[in-house]
Amino acid sequence: MKHTYKKAAGTIVLIILLATAPSFGGERAPVMPTTKDKCPVCGMFVAKYPDWIAQAIFSDGSYAVFDGPKDLFKYLFAVKRYTPSKERNAIASLFVTDYYTLKPIDGTKAFYVMGSDMYGPMGKELVPFQNMKDAKEFLRDHKGKKILTFKDITPEVMKDLE
């Protein structure tokens with residue numbers, strides 16, 4: 001009987017690990033930014049804003065960290081501008097910090113609330129959530145305008161955040 005429980009617990013752990021694996025390339029885990037890591041878009045020290053950290057992890061293991069999802073998306077639309085030696089297609093994983101849990105989540109699967117009364121380190125921000133239920137609750141509680149998915153975020157959307 002005990003072996004059955006251990007086997008079931010092991011299976012559950014494996015399912016959780018597989019279900020939470022990143023999907024952008026699925027090859028890299030999130031990093032812990034150091035006190036010296038700066039956002040390549042705005043130049044701010046990222047570790048000062050742990051509740052807002054966003055990340056692009058490259059297939060070679062290098063990374064770029066940001067003080068919020070807004071700067072991550074600015075970066076994605078112009079990788080060469082901010083890091084001339086990198087290509088967007090070399091990004092293996094994207095992570096943003098879930099607003100409620102403060103844990104890194106797959107940025108390509110997150111739900112982003114736009115137009116709320118909650119500001120990030122750089123002002124207006126896309127507030128990320130792992131699930132739609134939390135995004136809807138936040139939208140309602142913080143006067144958000146809309147919920148976006150990764151593919152909904154375009155350079156035009158970014159102009160509305162300036």
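In this chain, residues are counted from 1 in sequence order. Below, all heavy atoms of this structure are taken into account, side chains as well, without hydrogens, waters or symmetry copies.
Residues L94 and M114 fall within the same hydrophobic cluster, defined by Ile, Leu, Val, Met, Phe, Trp and Tyr side chains chained together at heavy-atom separations under 4.5 Å.
Note that the CD1 atom of I91 and the OG1 atom of T108 stand 11.5 Å from one another [nearest 0.5 Å]. Considering CZ of F129 and NZ of K136, their distance stands at 13.5 Å, rounded to 0.5 Å. Remark: I105 CD1 to T97 OG1 distance equals 8.0 Å, nearest 0.5 Å.
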Tabulate below the donor-acceptor pairs under 3.5 Å that side-chain atoms of residues 65-85 make, not counting sequence neighbours, or state none.
unit_1: K70; atom_1: NZ; unit_2: M122; atom_2: O; d: 2.9
unit_1: K70; atom_1: NZ; unit_2: K124; atom_2: O; d: 2.8
unit_1: K74; atom_1: NZ; unit_2: E162; atom_2: OE2; d: 3.0
unit_1: Y75; atom_1: OH; unit_2: T83; atom_2: OG1; d: 2.8
unit_1: K80; atom_1: NZ; unit_2: P84; atom_2: O; d: 2.8
unit_1: K80; atom_1: NZ; unit_2: E87; atom_2: OE2; d: 3.0

Which side-chain N or O atoms in residues 143-157 pair as donor and acceptor under 3.5 Å with protein atoms at least two apart or in another chain?
unit_1: T149; atom_1: OG1; unit_2: D152; atom_2: OD2; d: 2.9
unit_1: D152; atom_1: OD2; unit_2: T149; atom_2: N; d: 2.8
unit_1: T154; atom_1: OG1; unit_2: E156; atom_2: N; d: 3.3
unit_1: T154; atom_1: OG1; unit_2: E156; atom_2: OE1; d: 3.2
unit_1: T154; atom_1: OG1; unit_2: V157; atom_2: N; d: 3.2

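Shown here for K38 and F45, the closest heavy-atom pair between the two residues is CE-CZ, 3.3 Å. Contact detail for Y112 and G107: the closest heavy-atom pair is OH-O, 2.6 Å. Between A47 and T34 the shortest heavy-atom distance is CB-O, 3.6 Å. When all heavy atoms are compared, the tightest approach of A29 to F95 is C-CE1, 3.7 Å. Shown here for V96 and P128, the closest heavy-atom pair between the two residues is CG2-CB, 3.6 Å.
Formation of a donor-acceptor pair under 3.5 Å by the S93 side chain with backbone atoms of R28 is found in this model. A distance-only check finds a donor-acceptor pair linking the side chain of Q55 to the backbone of V31 [under 3.5 Å].
The number of heavy atoms from other shown groups lying within 6.0 Å of CE (M32) does not exceed 12.
Applying the salt bridge (Lys or Arg N to Asp or Glu O under 4.0 Å) test to D60 and every residue at least two apart in sequence or in another chain returns K86. Applying the side-chain contact (heavy atoms from CB on, under 4.5 Å) test to M118 and every residue at least two apart in sequence or in another chain returns W52, Y99, S116, F138, H142.
Evaluation of the salt bridge (Lys or Arg N to Asp or Glu O under 4.0 Å) test over residues 94-103, restricted to residues two or more places apart or in two chains, returns none. Within the structure, salt bridge (Lys or Arg N to Asp or Glu O under 4.0 Å) pairs that include any residue of residues 45-58 do not occur (at least two apart or interchain).
I53 has its side chain within reach of P33: a pair of non-hydrogen atoms, C-beta onward, lies under 4.5 Å apart.
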